[in-house]
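Working notes for the structure below.
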Protein chains: 2
Amino acid sequence: MIGEMARAATTSDVFNAIAEPQRRAILALLRGAERPVSDVARQMGMTQPRASKHLRVLREVGLVTDRQAGKQRLYSLDARGLRPVHEWTGGFERFWNDSFDRLEAYARDLARKRSQ
Amino acid sequence: MIGEMARAATTSDVFNAIAEPQRRAILALLRGAERPVSDVARQMGMTQPRASKHLRVLREVGLVTDRQAGKQRLYSLDARGLRPVHEWTGGFERFWNDSFDRLEAYARDLARKRSQ
DNA sequence: CAATCATATTCCCATATGGGCATATGTCAA
DNA sequence: TTGACATATGCCCATATGGGAATATGATTG
């Protein structure tokens, strides 16, 4: 029997993986270039184990790739996994535009009334 | 003293709020129209308390709005909060395109070699 | 006010999480 | 092989989470 999970495993879901601010920051950092763990840790101001753990999560959902380079292990971005997220949110684009339009209309209306 | 948080509170972060598949489904459902809790619960096949809890999270991060309508409380989508997510992922668009291009190139190369 | 329908909240549980720390594993050089 | 550096893991903790069940709170109607 498998018990009910309290929440989808972070290791299997890109949405969950990027729910962590530090991981988002790491992805942004890797946008520049591939980097060894120590570099990530330093740039992000975190301990090495912490960086490794976050990188592991990112690797498991496929957002980063790693390769050995001498003693170092270089992590690089693989942004393809972000595409579904972008597309999912994109499915709401016209709704946030609608909201915006409504707000604008409201603001215009206010201004009109005030000017009378 | 405030103890270290194990993870950013779901109630304060849109990224975290949409990390839950059911909440994403609720947002998609509300894209159609505003709906009472009972409706959401039924459509999603979940109990009422569960629906209420998810809706609460969504409300607290500003992704939904609610208004009283008789005995019912109607929830409606406010997609504006999804925009930052869309934009953040959009910042990686050229990278996933790059990856795609590289993959394509690789595939082409494979095909070329095989045809020789 | 009482009864009823709709929703929110509370309490409890099992599990997932992030972080620290110590330590294992891996890689290369001498 | 040994030593050094680089990274990954394991263990432990405090906290957050989703879910269920029972119950409180709200709103409406009679």
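Just so it is clear: chains get the letters A, B, ... in the order the sequence lines come, proteins before strands, and each one is counted from 1. None of the values given here were measured: they were computed from a predicted structure. Every heavy atom of this structure was used, including side-chain atoms; hydrogens, water molecules and symmetry mates were not.
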Taking atom types as they are modelled, is there a donor-acceptor pair under 3.5 Å from the base of C:dT10 to the side chain of B:K53?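 Answer is yes: a donor-acceptor pair is held.
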I'd like to know if A:Q48 reaches the base of D:dA6 with its side chain such that a donor and an acceptor end up less than 3.5 angstrom apart.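 Under the 3.5 Å cut-off, the side chain and the base do not form any donor-acceptor pair.
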Joint hydrophobic cluster, B:F95 plus A:V85, side-chain heavy atoms closer than 4.5 Å: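 Linked within one cluster.
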Using atom [atom1] of [X] as one end and atom [atom2] of [N] as the other, report the distance to the nearest whole Å.
X	N	atom1	atom2	answer
A:L74	C:dG26	CG	C1'	15 Å
B:L58	D:dG18	CG	C1'	14 Å
A:E20	C:dG19	CD	C1'	10 Å
B:R50	D:dA21	CZ	P	11 Å
B:L55	D:dG18	CG	P	13 Å
B:F15	C:dG18	CZ	C1'	19 Å

Heavy-atom pair with the smallest gap, counting every atom of B:E20 and B:Q22: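 The pair with the smallest heavy-atom distance is OE1-N, 3.0 Å.
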Any idea which heavy atoms bring B:L82 and B:I18 closest together, and the distance?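 So the minimum-distance heavy-atom pair works out to CD2-CG2, 3.9 Å.
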Quick check, are the ring centers of B:H86 and A:W88 under 6.0 angstrom apart?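 No, the ring centres sit 6.0 Å or more apart.
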So, does [X] get its side chain near the phosphate of [N], meaning an N or O under 4.0 Å from OP1 or OP2?
X	N	value
B:Y75	C:dA6	no
A:R73	D:dA8	yes
A:R56	D:dT7	no
A:H54	C:dT17	no

For DNA chain C, determine which residues of residues 27-47 of chain B have any heavy atom closer than 4.0 angstrom to one of its atoms, and list them numerically.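 Contacting residues: B:P36, B:V37, B:S38.
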If you check every side-chain atom of B:P49, which of D:dA8, D:dA21, D:dG18 has the closest atom?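 Nearest to the side-chain atoms of B:P49, counting from C-beta on, is D:dA21.
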Counting heavy atoms from C-beta on, name the nucleotide in C:dT9, D:dT7, C:dG19 closest to the side chain of A:Q22.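 Closest nucleotide to the A:Q22 side chain: C:dG19.
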Should A:R83 and B:E93 count as an ion pair when the cut-off is N to O under 4.0 Å?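 No.
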Is a salt bridge present between B:D13 and A:R24, judged by a nitrogen-to-oxygen distance below 4.0 Å?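 Yes, this pair counts.
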Report the distance from atom CG of A:L27 to atom OG1 of B:T89, rounding to the nearest 0.5 Å.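 One finds 11.5 Å between CG of A:L27 and OG1 of B:T89.
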Within-4.5 Å side-chain heavy-atom neighbours: A:L29 and A:M44: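 Yes, side chains in contact.
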Using heavy atoms and a sub-4.0 Å distance, could you list which residues of residues 65-72 of chain A are near DNA chain D? By number, please.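 The stretch gives A:K71, A:Q72 as the residues lying under 4.0 Å from the strand, ordered by number.
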Do B:R35 and B:Y75 form a cation-pi contact, if we require the NZ or CZ to be under 6.0 Å from the six-membered ring centre and within 45 degrees of the ring's axis?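 Here B:R35 fails the 6.0 Å and 45° test against B:Y75.
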